[in-house]
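These notes concern the structure reproduced below.
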Amino acid sequence: MSDAHPIRSREPGLSVGARIIAVVVLVAIGAVSAWLQHDARGRDAEPRTEFTASNPPSGLPTALTIGQHLRWSRCTSPPTARTGYDCATMKAPLDYRKPDGRTIDVALIRRKATGPNARRIGSLVFNFGGPGVSGVSGLPEGLNQYEPLLDRYDLVSFDPRGVGATIPVRCGKTADDTGYDGADACAEHSGALLPYIGTSHTARDLDLMRYLLGDERLHYFGVSYGTALGAVYAHLYQSHVGRLVLEASVDPTEDLDEEQVSQVKAVQAAFDRFAAHCAARIRHCPTGDGPEEAARRMARLADRLEKKPAPAGGGRNLDADDLAHAVSEHLRLGTDGWVPLAKALTALTDHNDGRPLSKSADDFGSADRAATPRDDSHAALTAITCADSSLRPDFERLDRDKARVKAASPVFGAAWSTGVYLCYDWPFDGERATLQVNADGAAPILVVGGTGDPITPYPGARHMARALGDGVGVLLTAEEEGHGTYPQNRCVTETVDQYLRTGRTPTPGTVCRGSMS
């Protein structure tokens with residue numbers, strides 16, 4: 001209405017005729033304004049076009065496919081999802097080999113697309129990693145990273161089997177305990193579920209989800225462990241592959257033991273780069289004059305904490321294993337975690353104060369770039385990992401594997417070496433030693449790897465792209481520190497977004513420059 005202010009001026013000398021003209025103009029302006037507002041409301045209220053798919057998963061009863069409709073309603077939990085999100089429950093077979101048998105409820109969450117119907121591509125389904133991360137919690141927590149994609153996609157995520165509201169695994173002292181009290185407790189409280197929560201089962205849930213969302217092909221964004229899920233889906237359903245992004249990719253050619261060694265070497269390498277930077281750029285660097293001195297200082301610190309843990313606030317203490325894992329959480333964030341890490345190590349070494357290191361590790365974990373949020377329980381992570389891996393080593397091999405992991409890193413080896421025991425007494429057989437991901441004939445899949453990734457080392461992305469098949473896996477390399485490069489690296493973000501919006505993959509061999517360039 002500001003344009004009308006001069007017309008409504010009460011300056012002396014304004015004629016009656018001029019005032020009549022002014023009134024007519026005002027009425028006209030008001031009419032146009034009302035029409036524009038009505039038109040805007042009409043556009044806002046444009047009926048949403050719901051997509052339908054014509055290719056249901058084969059072998060399932062019609063009650064689960066054409067007879068099932070997702071009933072979306074306002075989310076009641078988590079609190080971050082109560083505004084702007086819809087939630088639904090999908091029925092799926094517990095055992096896909098017995099599709100007419102027991103069903104389970106899979107929890108889903110959706111943020112509807114903001115763009116016009118004509119531009120909407122479909123749904124983009126997310127898995128944020130783990131294994132064991134809740135997608136129902138993760139989508140609201142990480143929405144700001146993916147919000148630009150809302151103009152073309154409904155953003156959808158879910159709680160995978162064993163996690164959150166989808167047949168959660170219980171391994172505590174009681175059936176209601178969400179803690180982890182060992183494999184026997186898992187068998188006691190969740191034994192009927194444990195054989196059916198592995199990645200291949202969740203991949204089959206994904207295809208049913210795709211169909212019920214109304215998409216002929218699955219559009220998917222998997223991060224860290226989510227790349228394993230996406231790749232297994234592609235192997236099982238080549239013809240249903242749409243636009244798949246596998247970011248911070250795992251290595252499908254490594255078994256669980258080999259993965260432990262590769263990861264601890266990558267964490268150590270990331271710490272060495274931090275130590276070199278600290279020595280060169282940070283005054284009073286707590287790790288000394290470079291990587292070798294840093295390893296010696298960390299060994300002394302770990303020995304001190306092993307004898308007497310440092311107070312970490314909230315009644316907690318920080319011991320040697322906690323030190324290693326807290327440092328690795330900082331390294332996940334790449335260069336963003338380096339200054340806070342230096343400050344936290346200074347507080348610990350100079351003042352025996354473990355609070356900054358512990359707190360910042362917790363904070364970073366909840367904002368992890370490649371697994372948002374850190375919502376994976378020990379129980380779910382163990383159960384899914386052991387459902388996937390067929391390795392059940394005896395004590396002789398365990399001793400060898402533990403020594404191998406410990407020797408791979410002077411700073412992190414001891415803490416990581418206990419991981420070799422993860423599945424040794426698991427009560428059920430696992431599926432296979434390594435992932436089966438060949439997807440010959442599928443549409444191109446974009447695989448993103450960071451050269452400085454301390455959690456899923458870069459060679460894994462190369463191996464994933466190759467294992468998917470010729471013309472299927474397309475590798476995008478980011479010269480970045482940290483676990484995950486989207487959306488921190490602008491080049492990665494633009495390339496991934498273009499692929500998701502148009503289906504065009506980058507030229508093979510494309511490298512995005514970054515913090516390591």
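On a predicted model such as this, the values are computed, not experimentally measured, just so you know.
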Testing the 3.5 Å rule here: is there a donor-acceptor pair between the side chains of [X] and [Y]?
X    : Y    : value
H463 : D251 : yes
T202 : D205 : no
D159 : S134 : yes
R217 : N55  : no
S123 : H219 : no
T199 : Y225 : yes
S358 : R316 : yes
E247 : T485 : yes
Q263 : W416 : yes

Check whether any side-chain heavy atom of [X] sits under 4.5 Å from a side-chain heavy atom of [Y], and report yes or no.
X    : Y    : value
T477 : T510 : no
V169 : I197 : yes
L143 : L155 : yes
D401 : R404 : yes
L331 : F412 : yes
N127 : P160 : yes
Y233 : Y220 : no
L139 : F128 : yes

Under-4.0 Å salt bridge between R97 and D95: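 A salt bridge links R97 with D95.
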NZ/NE/NH1/NH2 to OD/OE distance under 4.0 Å, R432 and D388: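 Answer for the salt bridge query: no.
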Enumerate donor-acceptor pairs with a distance under 3.5 Å from any side-chain N or O in residues 82-90 to protein atoms, sequence neighbours excluded.
{"unit_1": "R82", "atom_1": "NE", "unit_2": "T76", "atom_2": "O", "d": "2.8"}
{"unit_1": "R82", "atom_1": "NH2", "unit_2": "T76", "atom_2": "O", "d": "3.3"}
{"unit_1": "D86", "atom_1": "OD2", "unit_2": "R110", "atom_2": "NH2", "d": "3.1"}

Just how far is it from atom [atom1] of [X] to atom [atom2] of [Y], taken to the nearest 0.5 Å?
X    : Y    : atom1 : atom2 : answer
L475 : T505 : CG    : OG1   : 11.5 Å
S200 : Q436 : OG    : CD    : 10.0 Å
L212 : H69  : CG    : NE2   : 9.0 Å
L500 : D497 : CG    : CG    : 6.5 Å
L94  : I167 : CG    : CD1   : 6.0 Å
I104 : H201 : CD1   : NE2   : 10.0 Å

Passing option when D257 is tested against K402, R397, R400 for side chain to side chain donor-acceptor pair (under 3.5 Å): R397
Verdict with reasoning, L194 to F428, per side-chain contact (heavy atoms from CB on, under 4.5 Å): CA-CA 8 Å; L194 296 181; F428 297 96; 3.8 Å; yes
Sidechain-backbone polar pair: T418 side chain, A415 backbone, donor-acceptor under 3.5 Å: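 Yes.
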Step-by-step side-chain contact (heavy atoms from CB on, under 4.5 Å) determination, E258 to D255: CA-CA 5 Å; E258 294 165 337; D255 65 28; 3.3 Å; yes
Ring centre gap for Y424 and F395 strictly below 6.0 Å: yes
Give every donor-acceptor pair under 3.5 Å between a side-chain atom in residues 185-193 and any protein atom, sequence neighbours left out.
{"unit_1": "H189", "atom_1": "NE2", "unit_2": "G172", "atom_2": "O", "d": "3.3"}
{"unit_1": "S190", "atom_1": "OG", "unit_2": "R170", "atom_2": "N", "d": "2.7"}
{"unit_1": "S190", "atom_1": "OG", "unit_2": "R170", "atom_2": "O", "d": "3.3"}

Of D154, L124, L208, V125, the residue whose pairing with L213 passes side chain to side chain contact (heavy atoms under 4.5 Å, CB included): V125
Verdict with supporting geometry, I121 and D215, side-chain contact (heavy atoms from CB on, under 4.5 Å): CA-CA 9 Å; I121 295 169; D215 291 331; over 6 Å; no
F221: which of Y499, Y486, Y153 passes ring-ring contact (aromatic ring centres under 6.0 Å, His included):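 Passing option: Y486.
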Pair L108-V136, side-chain contact (heavy atoms from CB on, under 4.5 Å): steps then yes or no: CA-CA 6 Å; L108 298 106; V136 173; over 6 Å; no
